[in-house]
Amino acid sequence: ALVLTEGDYWPLLLREAARRGVPVVVVNGRVGDRSFARMRRLRRFLGPVLGPVFDPIGRFGVQTEGDADRLLELGVPEERITVTGNLKYDSPEPPPLPELEERLLAVAAGRPLLVAGSTMAGEEAQVLEAFRAAGGGSRALLILAPRHPERWGEAVERVVAAGFRLVLRSGFGRGGDGGESAAEGSDRGGSDRSRAGEGGPAAEVVLLDSLGELAAVYRLAAAAFIGGTLVPTGGHNPLEAALWGVPLAVGPSMTSFREMAADFDSRGAWVRVEDARALGRTWSRWLDDPDEARRIGGRARLLVAENRGALARTIEMLRPIVEGIET
């Protein structure tokens with residue numbers, strides 16, 4: 001069987017699957033705004049062509065009723081569509097990283113942690129401006145996690161240019177006795193400002209120049225910002241942070257998570273910020289009033305819990321397909 005995630009409908013692949021008699025199913029399906037507009041235009045002028053494209057797909061398991069309605073409008077028969085929910089809500093808790101957590105808490109030295117996760121080009125400067133407005137390193141430790149590794153060097157330069165004392169996660173090593181807390185910032189275009197070893201001035205920013213650790217770091221956060229939202233890139237998944245009940249601030253750009261964003265908006269499960277100043281005010285307010293922050297984070301965590309179950313519904317949809325495969 002061929003299982004497609006979310007919906008990349010490659011006509012040649014689907015045609016070859018049909019020719020070989022391979023059952024095809026879509027899981028966690030979604031029909032984004034741009035894809036829907038494009039396919040609707042094609043349907044208007046090339047209606048007979050779209051039908052055969054979807055014909056090889058025996059079942060569509062989609063995230064929302066809105067996705068189901070869009071498939072119906074594109075001509076997919078209702079009996080082939082099941083609303084299973086969003087599998088992202090069923091993501092398990094990431095495994096703990098005790099050594100990293102211990103090091104971050106040691107660097108924080110009692111200060112709360114603010115996490116800016118999955119930032120994109122043009123956002124680090126805004127996050128640093130917001131951090132300064134919220135009180136900077138005297139009030140909190142900022143964990144900055146750019147989305148793409150090739151931008152780590154650029155992020156270092158931004159932090160150093162802003163005058164904040166920086167530590168690189170890579171300077172922690174992967175264990176040890178704590179003697180490697182000074183970042184090797186000068187080797188990556190930094191300066192003396194990028195080094196904050198034991199006995200030196202307290203670090204203000206930690207750059208998470210690592211892969212696969214951000215989800216676990218969110219657990220330590222007093223508040224977080226979800227990157228890709230202050231620049232028009234469509235946003236990133238907020239669930240890794242919401243899972244821990246972290247109060248979230250997001251910008252206006254969340255088109256890649258349209259339905260999820262609508263749920264968070266309607267439940268007051270995060271705060272929307274339009275620019276760096278608004279993010280700074282929000283972080284400052286939450287640092288002043290942790291009870292308010294916990295209430296918002298609690299609504300986010302409850303929203304995640306209430307939307308679980310997509311995995312079981314998806315497995316149930318797949319069951320007859322799997323049972324029908326000859327072994």
Side-chain angles (χ1 to χ4, degrees), residues 5-6 28 30 32-33 63-64 66-67 85-94 112-124 126-127 130-131 134 142-148 208 211-276 278-283 285-286 292-311:
T5 304
E6 297 205 350
N28 212 44
R30 60 185 300 268
D33 294 341
Q63 296 180 17
T64 69
D67 294 306
N86 191 333
L87 283 169
K88 290 184 172 67
Y89 279 106
D90 282 23
S91 298
E93 290 186 1
L113 274 64
L114 301 176
V115 177
S118 300
T119 55
M120 303 291 283
E123 283 189 315
E124 285 86 14
Q126 297 185 71
V127 167
F131 179 54
L142 175 65
I143 312 297
L144 184 60
R147 176 74 170 183
H148 299 116
L208 199 65
L211 296 174
E213 295 182 333
L214 176 60
V217 169
Y218 276 128
R219 189 175 73 85
L220 304 178
F225 164 73
I226 303 300
T229 61
L230 282 177
V231 291
T233 59
H236 293 124
N237 183 357
L239 299 181
E240 289 180 339
L243 182 66
W244 301 112
V246 176
L248 305 178
V250 298
S253 178
M254 281 294 287
T255 54
S256 296
F257 297 86
R258 183 183 63 252
E259 294 86 0
M260 188 183 294
D263 288 341
F264 274 77
D265 284 336
S266 66
R267 298 284 291 274
W270 59 20
V271 169
R272 291 275 195 167
V273 295
E274 66 274 12
D275 54 25
L279 176 58
R281 288 194 301 268
T282 299
W283 273 351
R285 187 172 72 248
W286 287 343
E292 179 195 351
R294 280 191 290 270
R295 285 193 295 271
I296 294 173
R299 290 196 287 267
R301 187 168 192 166
L302 180 61
L303 179 62
V304 173
E306 290 177 351
N307 280 277
R308 288 185 178 273
L311 179 59

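By convention here, the first residue in the shown sequence is residue 1. For the numbers below, each heavy atom of this structure counts, side chains included, while hydrogens, waters and symmetry mates do not. Computed from a predicted model, the values in this text were never measured in an experiment.
Within the 4.5 Å cutoff, the side chain of Phe264 has heavy atoms near those of the Leu239 side chain. When side chains are defined from C-beta on, Phe225 does not count as touching Gln126, because their heavy atoms never get closer than 4.5 Å. In this structure the side chain of Val127 reaches within 4.5 angstrom of the side chain of Leu144, judged on heavy atoms. With contacts defined as side-chain heavy-atom distances shorter than 4.5 Å, the pair Leu302/Val304 does not qualify. Between Ser118 and Leu214, some side-chain heavy-atom pair lies under the 4.5 Å cut-off. Using a 4.5 Å heavy-atom cutoff, the side chains of Pro146 and Leu208 are not in contact. The side-chain heavy atoms of Met260 and Tyr89, taken from C-beta on, include a pair separated by under 4.5 Å. When side chains are defined from C-beta on, Pro247 does not count as touching Trp270, because their heavy atoms never get closer than 4.5 Å.
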Next item on the list: Tell me, with the steps shown, if Trp283 and Leu142 meet side-chain contact (heavy atoms from CB on, under 4.5 Å).
Entry: CA-CA 11 Å; Trp283 273 351; Leu142 175 65; 4.0 Å; yes

Next item on the list: In sequence, state the C-alpha distance, the side-chain angles, and the governing distance for Ile143 and Leu114, and then conclude on side-chain contact (heavy atoms from CB on, under 4.5 Å).
Entry: CA-CA 6 Å; Ile143 312 297; Leu114 301 176; over 6 Å; no

Next item on the list: Walk me through it: do Arg301 and Glu306 pass the test salt bridge (charged side-chain N to carboxylate O under 4.0 Å, His left out)?
Entry: CA-CA 9 Å; Arg301 187 168 192 166; Glu306 290 177 351; over 6 Å; no

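Within the structure, salt bridge (Lys or Arg N to Asp or Glu O under 4.0 Å) contacts touching residues 216-226 (residues at least two apart or in different chains) are Glu101-Arg219.
For Glu259, there are no side chain to side chain donor-acceptor pair (under 3.5 Å) partners, not counting sequence neighbours. In terms of the side chain to side chain donor-acceptor pair (under 3.5 Å) criterion, residue partners of Arg258 (sequence neighbours excluded) are, by chain and number, Asp33. Take Arg295 and apply the side chain to side chain donor-acceptor pair (under 3.5 Å) test, not counting sequence neighbours, and it matches no residue. Take Glu6 and apply the side chain to side chain contact (heavy atoms under 4.5 Å, CB included) test, not counting sequence neighbours, and it matches Asn28, Arg30, Gln63, Lys88. Listed by chain and number, the residues in a side chain to side chain contact (heavy atoms under 4.5 Å, CB included) with Leu311 are Leu87, Asp90, Ile315 (sequence neighbours excluded).
Side-chain atoms of Trp244 never come within 3.5 Å of backbone atoms of Glu93 as a donor-acceptor pair (strictly under, hydrogens ignored). The main-chain N or O of Gly268 is found under 3.5 Å from a side-chain atom of Arg299 such that the two form a donor-acceptor pair. A donor-acceptor contact shorter than 3.5 Å is absent between the side chain of Ser253 and the backbone of Thr229.
The minimum heavy-atom distance linking Gly235 with Ser256 is given by the pair O-CB, 4.5 Å. The heavy-atom pair separating Pro92 from Leu243 by the smallest distance is O-CD2, 4.1 Å. In terms of heavy-atom proximity, Ala224 sits nearest to Tyr218 at CB-CE2, 3.9 Å. Across all non-hydrogen atoms, the minimal contact from Ala134 to Gly280 is CB-O, 3.8 Å. Nearest heavy-atom pair across Gly251 and Leu230 is CA-CD2, 4.0 Å. When all heavy atoms of Met254 and Pro238 are compared, the closest pair comes out as CE-CD, 4.3 Å.
In this structure, CD1 on Ile226 lies 11.0 Å from OG1 on Thr119, to the nearest 0.5 angstrom. The distance from atom CG of Leu248 to atom CD1 of Ile296, rounded to the nearest 0.5 Å, is 9.0 Å.
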